[in-house]
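Fair warning: this is a prediction, and the values are worked out from it, not measured in the lab.
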Amino acid sequence: MERAEEMAERLIAKNRKASFQYELVDTYTAGMVLTGTEIKSLRMGHASLVDAYCLFIRGELWVRSLHIPEYSLGTFYNHEVRRDRKLLLNARELVKLQRGVNAKGNTIVAVRLFINERGYAKLVIALARGKQQHDKRETIKKRDNDREIQRYRRHDN
């Protein structure tokens, strides 16, 4: 039996570039269909969301290019590293996402991957709109200003 601290939500991977390159309109938490060696590799804390994106195939939502490395103790039963993985969402959420993707300039990006308190792997996805170059500059400017304000507050105390 695991301890209570280990049962809390555990972050595996985060796509930090997603909020910089895209304006995140709406977020959803989706379950994933995984094989045994994939979940074991995730529980060891190995995954990368760098190039991951979602797409609809025959009415189902799939994540593509999610990198889960091979499980070190797996034998010939090991999984493919970058295979397409099915996401599990309610039908209502799938319809809403499908409508959002059909709108011009929208896509679905993977934001973060975690293991919930019950031990299931969950992927937070977001309906996103691509940012223009000037929007990215505004984000950088805002981040720098926030850092300056924090720096001044620390030195005043």
To the nearest 0.5 Å, how far apart are CG in Leu89 and CD1 in Ile125?
-> 5.0 Å

Just wondering, more than 12 heavy atoms not from Phe56 lying within 6.0 Å of its CZ?
-> yes

Judged by atom type as modelled, is there a donor-acceptor pair below 3.5 Å linking the side chain of Asn15 to the main-chain atoms of Ala110?
-> yes

Over all atoms of both residues, closest heavy-atom pair of Asp51 and Ser65 = O-CB, 3.5 Å

Would you name the heavy atoms of Phe114 and Leu11 that are closest together and state the gap between them?
-> CB-CA, 4.0 Å

Is any NZ, NE, NH1 or NH2 atom of the basic residue among Glu138 and Lys141 found under 4.0 Å from an Asp or Glu carboxylate oxygen of the other?
-> no

At their closest point, which heavy atom of Glu60 faces which heavy atom of Trp62, and how far apart are they?
-> O-CD1, 3.3 Å

Between Leu94 and Leu61, what is the shortest heavy-atom contact and its length?
-> CD2-CB, 3.7 Å

Drop me the distance from Arg112's CZ to Lys14's NZ, to the nearest 0.5 angstrom.
-> 7.5 Å

What one should report as the nearest heavy-atom pair of Ala13 and Leu49 is O-CD1, 3.7 Å

Answer yes or no: does atom CZ of Arg143 have more than 12 heavy-atom neighbours from other residues, nucleotides or ligands under 6.0 Å?
-> yes

Do any side-chain atoms of residues 28-44 form donor-acceptor pairs under 3.5 angstrom with protein atoms, and if so which ones, sequence neighbours left out?
unit_1, atom_1, unit_2, atom_2, d
Tyr28, OH, Asp26, OD2, 3.0
Thr35, OG1, Glu38, OE1, 3.3
Thr37, OG1, His79, N, 3.4
Thr37, OG1, His79, ND1, 2.8
Glu38, OE1, Thr35, N, 2.8
Glu38, OE1, Arg83, NH2, 2.9
Glu38, OE2, Arg83, NE, 2.9
Glu38, OE2, Arg83, NH2, 3.4
Glu38, OE2, Arg85, NE, 2.8
Glu38, OE2, Arg85, NH2, 2.9
Ser41, OG, Pro69, O, 2.8
Arg43, NH2, Gly119, O, 3.0

Hey, could you give me the SG/CG distance between Cys54 and Leu123, rounded to the nearest 0.5 Å?
-> 6.0 Å

Would you say the side-chain atoms of Asp84 pair up with the backbone N or O of Arg64, donor to acceptor, closer than 3.5 Å?
-> no

At what distance, to the nearest 0.5 angstrom, does CG of Leu113 lie from NE2 of His67?
-> 13.0 Å

Could you state the interatomic distance from CG (Leu66) to OG (Ser48), rounded to the nearest 0.5 Å?
-> 8.0 Å

What heavy-atom pair brings Ile12 and Ala47 nearest, and what distance separates the two atoms?
-> CG2-CB, 3.8 Å

Ignoring hydrogens and geometry, is there a side-chain-to-backbone donor-acceptor pair from Asn116 to Arg118 under 3.5 Å?
-> yes

For salt bridge (charged side-chain N to carboxylate O under 4.0 Å, His left out), just list the numbers for Arg151 and Glu148, CA-CA rounded to whole Å, side-chain angles, deciding distance to a tenth of an Å, and then say yes or no.
-> CA-CA 5 Å; Arg151 205 172 288 141; Glu148 286 294 323; 2.7 Å; yes

Single hit among Leu24, Val101, Thr27 for side chain to side chain contact (heavy atoms under 4.5 Å, CB included) with Leu127 = Val101

Run the side-chain contact (heavy atoms from CB on, under 4.5 Å) check on Arg99 and Asn102 step by step: do they pass?
-> CA-CA 5 Å; Arg99 283 191 196 131; Asn102 290 339; 5.7 Å; no

